[in-house]
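Take a look at the following structure, please.
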There are 2 protein chains.
Amino acid sequence: MARTLGSYAKLTKPKISEIALHLFAERGYAAVSMRQIAAKVGLQVGALYNYFPDKQTILSELLINHMESLLQTWHRQKLPEKSDKLLEFFVDFHIEYHLNRPEEVFIAYMELRNLNPDNFKKIEKLRNKYELILSNILSDGVNKNLFTCEETKIASLAIIGMLKEVNTWYKTDGRISAPEIKNIYQQIVLKAVT
Amino acid sequence: MARTLGSYAKLTKPKISEIALHLFAERGYAAVSMRQIAAKVGLQVGALYNYFPDKQTILSELLINHMESLLQTWHRQKLPEKSDKLLEFFVDFHIEYHLNRPEEVFIAYMELRNLNPDNFKKIEKLRNKYELILSNILSDGVNKNLFTCEETKIASLAIIGMLKEVNTWYKTDGRISAPEIKNIYQQIVLKAVT
DNA sequence: GTCTATATAACGATAGAC
DNA sequence: GTCTATCGTTATATAGAC
């Protein structure tokens with residue numbers, strides 16, 4: 001039962017993505033060359049182009065996969081029955097998900113400027129989808145008199161922006177645990193809309 | 001009283017620095033070429049090398065000037081007479097200074113990885129000097145039984161790391177004013193050491 | 001699918017005329 | 001001090017042998 005070459009090759013593309021992710025996070029997209037990626041994967045440069053048409057696509061696939069997996073994971077969550085607990089649940093989910101993927105989060109924030117316009121629009125669309133989840137939670141809450149918030153759109157942007165910071169907090173001060181961070185942000189967010 | 005060419009030239013170097021700062025902050029050091037900088041300044045590439053020996057020096061001068069000016073400004077402050085107000089004063093000063101220089105702060109954080117080892121050490125030295133100001137305030141406070149803090153070195157690193165975030169907060173949520181941010185952080189920092 | 005070799009373009013940096 | 005021209009290097013991406 002010899003393994004075929006093909007079954008190894010299936011592992012090559014994810015390996016390229018993984019190594020590119022590390023390198024992009026460490027040195028920045030523009031500072032990383034295809035040769036450096038190939039060397040770390042254990043290939044020659046040319047071989048990379050069997051898996052990705054260009055360098056830009058390595059980056060955009062990383063970002064798109066990150067956002068799609070975020071959305072997918074949310075939609076697989078078993079939501080709390082009580083709708084007044086939905087906002088806390090969202091904050092909890094968001095922090096949990098992002099703390100576990102520091103490199104993806106970092107390049108999703110840093111390397112947006114290196115996407116070409118088409119890929120940028122794709123990411124923007126996915127971000128809007130995610131933001132819509134939160135703004136719907138907020139406007140539902142407003143309708144049920146749970147929250148008071150005039151601009152739910154803007155509030156959801158501000159909240160997600162705020163939550164994004166969580167990764168740096170977590171890194172810079174190891175004494176704050178993940179549950180503590182969740183608590184802090186839940187309080188801040190709840191205060192912001194009540 | 002015709003202006004000499006020389007007096008214009010005196011303005012050229014700061015202009016290069018300023019434009020490089022904007023471009024580095026916008027696109028990242030590695031993604032910006034000397035040709036792009038020259039074009040925005042209104043020069044040909046070669047002329048840049050009359051002011052900077054290489055691209056690396058443009059970046060390192062920006063970062064070094066940023067740190068030195070931060071230290072200089074601190075040492076020119078009239079400190080509060082009551083030493084128990086020193087920590088609040090530092091937090092206030094730090095936030096004020098950094099909110100007014102978002103681009104410098106951003107590249108001082110982002111582009112460290114693009115400094116060569118020598119320049120990195122220079123910046124590290126300046127950062128340590130700044131950090132020493134805070135850790136001295138803390139250890140003085142501990143000696144006077146104002147604060148309780150076992151590891152003043154680590155605490156000062158954590159606090160500065162935390163304060164660094166302030167620029168993103170300020171941007172992401174325009175509803176929070178600078179004085180409010182100062183208040184929030186003063187409370188957090190004081191809580192952290194008492 | 002990976003290799004070597006190469007096309008083509010852009011980069012940082014330098015040289016010399018003015 | 002700025003220009004044009006260019007060197008040497010490196011980059012992305014492609015072509016063709018295996």
Side-chain angles (χ1 to χ4, degrees), chain A residues 2-21 23-24 26-63 107 111 113-120, chain B residues 2-21 23-24 26-63 107 111 113-120:
Chain A
R3 228 185 253 259
T4 66
L5 259 175
S7 66
Y8 280 117
K10 267 192 190 167
L11 300 174
T12 306
K13 182 164 175 173
K15 194 175 175 188
I16 294 170
S17 294
E18 192 195 325
I19 283 168
L21 171 65
L23 287 175
F24 291 164
E26 188 186 315
R27 308 180 200 170
Y29 171 78
V32 175
S33 73
M34 293 294 270
R35 278 174 178 79
Q36 289 169 336
I37 297 171
K40 270 222 171 186
V41 175
L43 291 173
Q44 294 301 314
V45 205
L48 292 182
Y49 292 86
N50 287 320
Y51 301 96
F52 296 91
D54 48 37
K55 186 185 171 189
Q56 166 81 197
T57 305
I58 303 182
L59 175 63
S60 65
E61 275 197 18
L62 279 172
L63 300 193
I107 67 162
E111 304 297 356
R113 61 190 177 187
N114 285 311
L115 288 178
N116 66 34
D118 271 6
N119 287 326
F120 185 83
Chain B
R3 225 185 256 260
T4 65
L5 258 176
S7 65
Y8 279 117
K10 265 191 191 169
L11 301 174
T12 307
K13 182 165 175 171
K15 196 176 173 188
I16 294 170
S17 294
E18 193 195 326
I19 282 168
L21 170 65
L23 287 175
F24 291 165
E26 189 187 316
R27 308 179 201 171
Y29 171 78
V32 175
S33 73
M34 294 295 271
R35 280 170 178 82
Q36 290 169 337
I37 296 171
K40 270 222 169 186
V41 176
L43 292 172
Q44 293 301 313
V45 204
L48 293 182
Y49 292 87
N50 286 319
Y51 301 95
F52 296 92
D54 48 37
K55 186 185 172 190
Q56 167 79 197
T57 305
I58 304 181
L59 176 63
S60 65
E61 274 196 18
L62 280 172
L63 300 194
I107 68 162
E111 303 297 357
R113 61 188 176 187
N114 284 310
L115 289 178
N116 67 34
D118 272 5
N119 287 325
F120 185 83

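Heavy-atom basis, side chains included; hydrogens, waters and symmetry copies ignored. Every value quoted in this text rests on a predicted model; they were computed, and no experiment measured them. Just so we're on the same page: letters track the sequence lines, and every chain starts at 1.
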Under the side-chain contact (heavy atoms from CB on, under 4.5 Å) test, which residues partner A:R27, sequence neighbours left out?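 Only A:L23, A:A31, A:V32, A:Q36 meet the side-chain contact (heavy atoms from CB on, under 4.5 Å) criterion with A:R27.
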Taking all non-hydrogen atoms of both residues, which atom of A:P53 and which atom of A:T57 are closest, and how far apart?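 Looking at all heavy atoms of both residues, the closest pair is CG-OG1, 3.5 Å.
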Net bend of the helix from C:dG1-D:dC18 to C:dC18-D:dG1, end axes of five pairs each, nearest 10 degrees: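 End axes: 0° apart.
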Starting from C1' on C:dT2, measure out to CD1 on A:I16 and report it in whole angstrom.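 After rounding, the gap between these two atoms is 11 Å.
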What ring pair (Phe, Tyr, Trp, His ring centres under 6.0 Å) pairs are there with at least one residue in residues 35-57 of chain A, not counting sequence neighbours?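 Applying ring pair (Phe, Tyr, Trp, His ring centres under 6.0 Å) to every pair that reaches into residues 35-57 of chain A, excluding sequence neighbours, yields nothing.
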Taking every non-hydrogen atom, the tightest pair across A:A20 and A:I37: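 The pair with the smallest heavy-atom distance is CB-CD1, 4.2 Å.
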Could you tell me if the side chain of A:N50 sits less than 4.5 Å from the side chain of A:T12, heavy atoms only?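 The answer is no, as the side chains (C-beta and beyond) never meet within the 4.5 Å cut-off.
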Walk along nucleotides 4-11 of chain C from 5' to 3' and tag each nucleotide B, S or - by protein heavy-atom contact under 4.0 Å, base first, then sugar-phosphate. B------B
Scan residues 38-59 of chain B for pairs that pass salt bridge (charged side-chain N to carboxylate O under 4.0 Å, His left out), counting only residues two or more places apart or in two chains.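 Found none.
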To the nearest angstrom, how far is A:K15 atom NZ from C:dT2 atom P?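 One finds 10 Å between P of C:dT2 and NZ of A:K15, rounded.
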What residues, two or more places apart in sequence or in another chain, satisfy salt bridge (charged side-chain N to carboxylate O under 4.0 Å, His left out) together with B:E61?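 Listed in chain order: B:K13.
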Separation of B:D54 atom CG from D:dT9 atom P, in whole Å?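 About 17 Å, once rounded to whole Å.
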Using side-chain heavy atoms (C-beta onward) and a distance below 4.5 Å, is B:I19 in contact with B:K15?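 Result yes, sub-4.5 Å side-chain heavy-atom pair found.
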Check: A:F120 and A:L63 side chains under 4.5 Å, non-hydrogen atoms: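 SC-SC contact between A:L63 and A:F120 ruled out.
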Between D:dT14, D:dT2, C:dT2, which one does the side chain of A:Y49 approach most closely?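 Minimum distance to the A:Y49 side chain belongs to D:dT14.
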Between A:L23 (CG) and D:dA11 (C1'), how many Å, whole number?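 So the two atoms are 16 Å apart, to the nearest Å.
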Heavy atoms under 4.0 Å, any strand shown: does A:Y51 hit a base, just sugar-phosphate, or nothing?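 Sugar-phosphate, backbone atoms only, no base.
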Quick one: B:N50 CG to C:dG16 P, roughly how many Å, whole number?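 Value for this atom pair: 15 Å.
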Measure from CZ on B:F52 to P on D:dT2 and round the result to the nearest Å.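 B:F52 atom CZ is separated from D:dT2 atom P by 12 Å.
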